[in-house]
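Below is one structure, written out as structure tokens; the observations come after it.
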Amino acid sequence: MNREYHRWYTERLGRDMELLVFGHAGAKVLVFPTRDGRFHEYEDLRLVESLRHKIEAGHLQLFCLDSIDHESLYCFWRHPAERIRRHVQFEEYILNEVFPLMAAKNPHPCTIAHGCSLGAFHAVNIAFRHPHLFRKVAAFSGRYDLTLGVEHFRDLFDGYYDDTIYYHTPSHFLPNLECHWRLEALRRMDIVLVVGGDDPFLGNNRDLSRILWSKGIPHALHTWDGRAHQGRAWRKMAPLYV
């Protein structure tokens with residue numbers, strides 16, 4: 001299996017960023033790590049191995065991103081407005097630096113947004129905000145409203161709310177979305193949400209599903225037994241849904 005390590009300094013984030021590429025051809029999969037994950041997490045959790053047959057056959061090429069969540073969404077010593085601004089810088093880095101790398105390495109027309117846990121939020125958020133750039137999103141065990149406190153998972157903005165948070169909260173901005181071309185792009189997208197029946201974010205996944213149906217956006221919501229919020233479950237999900 002082709003494996004490549006890339007690292008460069010990005011002015012947008014003011015730091016070096018790293019990523020791993022797996023595979024040589026096929027649909028491009030933009031992989032977001034979990035909250036505490038790094039660019040090598042997908043490999044460490046043996047999720048790359050679970051997709052080996054698709055990667056080696058040239059069906060998928062993975063681009064595994066690094067995370068700055070502890071500088072943005074989980075940087076609790078910063079004001080919430082600064083947290084979301086740092087998150088926006090991360091999105092700008094992806095769109096303006098990672099996407100050109102992906103295009104230079106692979107001309108395949110299909111790009112898939114994918115992630116687990118907080119990575120699922122990132123995948124859904126960027127795909128729903130820029131649906132013309134993605135053909136598919138595969139999101140496992142995600143929370144799509146970071147203002148929602150569930151169990152020990154807190155409101156990541158501590159009660160603060162502004163327009164930027166609104167436009168980066170899929171279950172908030174989607175109900176009011178009226179842009180025809182964005183809605184049509186979303187209706188063409190293959191959207192797959194997967195969550196455990198005992199996962200604390202099950203209700204939020206069901207809410208997002210209801211919103212999608214209300215906007216005429218086809219999708220699949222798969223509910224697995226148990227909590228299913230761990231690598232063992234994700235290794236089974238990946239070959240089925242990515």
Side-chain angles (χ1 to χ4, degrees), residues 1-10 13 16-69 90-128 130-142 185 188-194 220 222 230-242:
M1 183 192 306
N2 177 60
R3 180 185 187 275
E4 302 173 19
Y5 169 77
H6 295 265
R7 175 176 180 162
W8 68 87
Y9 180 83
T10 166
L13 296 176
D16 285 354
M17 290 293 285
E18 300 168 273
L19 63 80
L20 286 171
V21 180
F22 296 93
H24 60 281
K28 295 168 284 192
V29 187
L30 187 66
V31 181
F32 293 88
T34 67
R35 177 185 69 190
D36 296 316
R38 295 291 311 281
F39 64 98
H40 47 76
E41 179 190 54
Y42 207 76
E43 182 179 39
D44 295 343
L45 290 175
R46 305 199 305 280
L47 283 156
V48 174
E49 186 62 30
S50 75
L51 292 171
R52 173 179 286 274
H53 65 292
K54 292 186 177 182
I55 296 169
E56 291 185 338
H59 299 318
L60 298 176
Q61 185 176 36
L62 311 184
F63 293 81
C64 298
L65 295 165
D66 211 348
S67 168
I68 66 160
D69 291 322
F90 179 59
E91 183 181 273
E92 291 297 317
Y93 152 75
I94 294 169
L95 296 175
N96 294 287
E97 299 183 44
V98 176
F99 260 74
L101 172 70
M102 295 166 65
K105 296 190 67 64
N106 184 345
H108 198 284
C110 178
T111 299
I112 302 169
H114 171 47
C116 306
S117 192
L118 188 64
F121 161 80
H122 283 296
V124 165
N125 188 53
I126 198 169
F128 285 11
H130 307 281
H132 61 295
L133 299 178
F134 296 91
R135 298 283 185 88
K136 179 176 179 177
V137 58
F140 304 163
S141 310
R188 291 192 297 269
M189 191 183 298
D190 182 4
I191 300 170
V192 183
L193 309 174
V194 191
H222 300 284
Q230 56 186 328
R232 180 173 58 186
W234 298 334
R235 283 191 292 274
K236 295 177 181 178
M237 294 175 187
L240 296 175
Y241 305 124
V242 179

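In what follows, every heavy atom counts, from backbone to side chain, and hydrogens, waters and symmetry copies are set aside.
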Under the rule for side-chain hydrogen bond (donor to acceptor under 3.5 Å, both in side chains), what residues qualify as partners of [X], not counting sequence neighbours?
X	value
Gln230	none
Arg232	none
Glu92	Asn96
His130	Glu91

Smallest heavy-atom separation, Leu65 atom then Pro33 atom, equals O-CD, 3.4 Å
Hits for ring-ring contact (aromatic ring centres under 6.0 Å, His included) against Phe134, two or more places apart or cross-chain, chain-then-number order -> Phe99
Those residues at least two apart in sequence (or on a different chain) that pass ring-ring contact (aromatic ring centres under 6.0 Å, His included) with His53 are none
So the salt bridge (charged side-chain N to carboxylate O under 4.0 Å, His left out) pairs with at least one residue in residues 106-119 (sequence neighbours excluded) are none
The complete set of salt bridge (charged side-chain N to carboxylate O under 4.0 Å, His left out) pairs with one or both residues in residues 117-126, sequence neighbours excluded, reads none
Calculate, to the nearest 0.5 Å, the distance between atoms [atom1] and [atom2] belonging to [X] and [Y] respectively.
X	Y	atom1	atom2	result
Leu19	Tyr5	CG	OH	9.0 Å
Ser50	Arg235	OG	CZ	8.0 Å
Met17	Tyr93	CE	OH	4.5 Å
Met102	Glu97	CE	CD	14.0 Å

Side-chain atoms of residues 54-62: list all donor-acceptor pairs with protein atoms under 3.5 Å, sequence neighbours left out, distances to 0.1 Å.
unit_1	atom_1	unit_2	atom_2	d
Lys54	NZ	Pro239	O	2.9
Lys54	NZ	Val242	O	2.9
Glu56	OE2	Arg52	NH1	2.5
Gln61	OE1	Asn106	ND2	2.8
Gln61	NE2	Gly23	O	3.0

Between Phe32 and Ile126, does the side chain to side chain contact (heavy atoms under 4.5 Å, CB included) criterion hold? Intermediate values first, please.
CA-CA 11 Å; Phe32 293 88; Ile126 198 169; 4.0 Å; yes
Fill in: Close side-chain approach of Leu95 and Leu133, heavy atoms under 4.5 Å
yes
A side-chain contact here means heavy atoms from C-beta on lying under 4.5 Å apart; do Leu47 and Trp234 qualify? yes
Distance-only criterion, 3.5 Å: show the donor-acceptor pairs between side-chain atoms of residues 37-46 and protein atoms not counting sequence neighbours.
unit_1	atom_1	unit_2	atom_2	d
Arg38	NE	Asp66	OD1	2.7
Arg38	NE	Asp66	OD2	3.3
Arg38	NH2	Glu18	OE1	3.0
Arg38	NH2	Asp66	OD2	2.8
His40	ND1	Asp44	OD2	2.7
Glu41	OE1	Thr34	N	2.9
Glu41	OE1	Thr34	OG1	3.4
Glu41	OE2	Thr34	OG1	2.6
Tyr42	OH	His114	NE2	2.7
Glu43	OE1	Arg3	NH2	3.0
Glu43	OE2	Arg3	NE	3.0

Practice task
Kindly determine whether Phe22 and Asn2 satisfy side chain to side chain contact (heavy atoms under 4.5 Å, CB included), including the steps that lead there.
Solution key: CA-CA 6 Å; Phe22 296 93; Asn2 177 60; over 6 Å; no
With side chain to side chain contact (heavy atoms under 4.5 Å, CB included) as the test, would you mind laying out the steps for Ile94 and Leu30 before giving the verdict?
-> CA-CA 9 Å; Ile94 294 169; Leu30 187 66; 3.9 Å; yes
Answer yes or no: are there more than 12 heavy-atom neighbours, outside Arg35 itself, under 6.0 Å from its atom CZ? yes
For a quick test of your reading: what N or O donor-acceptor pairs under 3.5 Å do the side chains of residues 115-125 make, sequence neighbours left out?
unit_1	atom_1	unit_2	atom_2	d
Ser117	OG	His229	NE2	3.0
His122	NE2	Asp69	OD1	2.8
Asn125	ND2	His168	ND1	3.1

For His222, the side-chain contact (heavy atoms from CB on, under 4.5 Å) test, sequence neighbours excluded, returns Val192, Val194, Ala220, Trp224, Tyr241
